[in-house]
Amino acid sequence: MIMSSTPLPLEGEGVGGWGGRDGPSDQMPVTRSASPVPSVQHPASTPTQPSPLEGEGLLNSKFERAPRIKPGGVQRARRLRAEPTLAEARLWELLRRFEVRFRREAPIGPYVTDFACHRARLIVEVDGGVHRREDVALRDVHRQTWLEGQGYRVLRFTNDQVLLQPETVLDAIRASHPLLREDA
């Protein structure tokens with residue numbers, strides 16, 4: 001075994017110098033040799049493309065996580081499942097006829113939807129009289145825009161439509177997606 005009088009670089013310092021020093025070192029000469037693995041050239045960072053060293057990494061909209069449900073949302077969904085309105089209970093009976101699975105009071109992102117079929121990317125909402133108020137209607141528009149941005153189609157029915165015209169509602173749901181056209 002051959003002993004060297006020059007110290008070896010410490011872990012993380014790499015070959016060719018003592019980490020962090022610019023220029024030659026009197027302790028160990030800087031030697032550069034051709035690396036067996038070709039180096040990857042990274043483009044200079046721009047304001048729209050931060051450097052991975054800045055903590056941003058290589059994330060983009062494709063890999064970003066959807067917003068989580070608001071605090072207390074899961075408990076709210078459980079309570080709503082346990083206490084459905086008359087129209088929601090009737091629509092649930094109708095939706096159970098389909099072979100694809102619907103979920104009641106399903107949390108999606110920061111929202112809790114009345115009924116959701118993830119496979120068909122369909123959300124069915126049953127709106128009571130409170131949804132005619134201007135502030136609630138505006139909130140519904142923002143909510144629907146966000147859900148559609150996630151790839152879902154949103155169908156809205158009033159309580160009266162579900163209770164007085166259930167077959168019309170069922171036909172509209174059936175026509176919304178090919179997976180729903182045949183029921184059990």
Side-chain angles (χ1 to χ4, degrees), residues 45-184:
S45 65
T46 62
T48 59
Q49 180 186 15
S51 165
L53 298 178
E54 295 174 14
E56 297 296 323
L58 299 174
L59 291 179
N60 59 27
S61 61
K62 181 178 176 184
F63 298 108
E64 289 176 6
R65 297 179 78 181
R68 297 186 62 124
I69 191 164
K70 295 175 184 172
V74 172
Q75 291 80 9
R76 180 173 177 263
R78 288 179 183 153
R79 181 181 50 78
L80 291 171
R81 265 184 237 124
E83 303 168 4
T85 65
L86 183 61
E88 288 173 345
R90 179 64 182 129
L91 184 57
W92 179 240
E93 291 173 14
L94 297 173
L95 293 176
R96 294 183 72 187
R97 294 183 190 176
F98 293 110
E99 287 186 19
V100 294
R101 180 176 180 231
F102 276 87
R103 294 184 59 208
R104 292 183 298 154
E105 305 303 338
I108 298 176
Y111 301 107
V112 177
T113 61
D114 288 342
F115 302 97
C117 177
H118 295 296
R119 188 169 170 203
R121 305 293 288 176
L122 178 69
I123 294 171
V124 180
E125 293 285 331
V126 180
D127 295 340
V130 73
H131 291 270
R132 287 191 287 261
R133 286 185 32 197
E134 188 176 329
D135 59 328
V136 176
L138 183 61
R139 191 172 50 216
D140 287 344
V141 168
H142 288 290
R143 170 187 161 115
Q144 183 165 338
T145 302
W146 187 89
L147 291 167
E148 288 173 346
Q150 301 304 306
Y152 286 90
R153 180 168 183 200
V154 181
L155 299 179
R156 293 187 167 279
F157 301 100
T158 64
N159 286 344
D160 290 340
Q161 287 175 310
V162 172
L163 295 173
L164 302 175
Q165 305 165 349
E167 289 305 317
T168 305
V169 169
L170 197 59
D171 290 341
I173 294 169
R174 203 179 278 124
S176 69
H177 196 280
L179 285 174
L180 304 170
R181 295 211 173 109
E182 295 183 24
D183 3 329

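We number each residue from 1, following the sequence as shown. Below, each value reflects all heavy atoms present in this structure, side chains not excepted, and no hydrogens, waters or symmetry copies.
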_Closest contact, heavy atoms only, Ala87 versus Leu163_ = CA-CD2, 3.8 Å
*Starting at CD of Glu88, measure out to CG of Leu91 and round the result to the nearest 0.5 Å.*
8.5 Å
*Can you name the closest pair of heavy atoms from Trp146 and Gly109 and give their distance?*
CH2-CA, 3.5 Å
_So, using salt bridge (charged side-chain N to carboxylate O under 4.0 Å, His left out) as the criterion, who are the partners of Arg133 when residues are at least two apart?_
Asp135
*Start with the C-alpha gap between His142 and Leu138, add the side-chain angles, then the distance that decides, and say whether side chain to side chain contact (heavy atoms under 4.5 Å, CB included) holds.*
CA-CA 7 Å; His142 288 290; Leu138 183 61; 3.8 Å; yes
*Contacts of type salt bridge (charged side-chain N to carboxylate O under 4.0 Å, His left out), residue Glu167, not counting sequence neighbours*: Arg97
*Please identify each residue that fulfils side-chain hydrogen bond (donor to acceptor under 3.5 Å, both in side chains) with Glu148, with sequence neighbours left out.*
Gln144
*Do you know the tightest heavy-atom contact between Thr113 and Ala116?*
OG1-CB, 3.7 Å
*List the steps and the verdict of side chain to side chain contact (heavy atoms under 4.5 Å, CB included) for Val136 and Arg139.*
CA-CA 5 Å; Val136 176; Arg139 191 172 50 216; 3.6 Å; yes
*Can you sort out the partners of Arg119 under side-chain contact (heavy atoms from CB on, under 4.5 Å), two or more places apart, ordered by chain and number?*
Val100, Cys117, Leu179
*Considering non-hydrogen atoms only, spot the tightest contact between Leu180 and Ile173 and give its length.*
CD1-O, 3.5 Å
*Could you pull out all residues at least two apart from Asp140 that satisfy side-chain hydrogen bond (donor to acceptor under 3.5 Å, both in side chains)?*
His131
_Holding to salt bridge (charged side-chain N to carboxylate O under 4.0 Å, His left out), I want the full list of residues that pass it with Asp171, two or more places apart in sequence or in another chain._
Arg174
*Shortest non-hydrogen contact between Arg104 and Phe115, atoms and distance*: CG-CE2, 3.6 Å
For residues 120-129, tabulate all N or O donor-acceptor pairs below 3.5 Å that involve a side-chain atom, not counting sequence neighbours.
residue	atom	partner	partner atom	Å
Arg121	NH1	Tyr152	OH	3.3
Arg121	NH2	Gln150	O	2.4
Glu125	OE1	Arg143	NH2	3.4
Glu125	OE2	Asp114	N	3.2
Glu125	OE2	Arg143	NH2	2.8
Asp127	OD1	Arg156	NH1	2.9
Asp127	OD2	Arg156	NH1	2.9

_Shortest non-hydrogen separation from Phe102 to Trp92 and the atoms involved_ = O-CH2, 3.4 Å
*Could you pull out all residues at least two apart from Glu93 that satisfy side-chain hydrogen bond (donor to acceptor under 3.5 Å, both in side chains)?*
Arg90
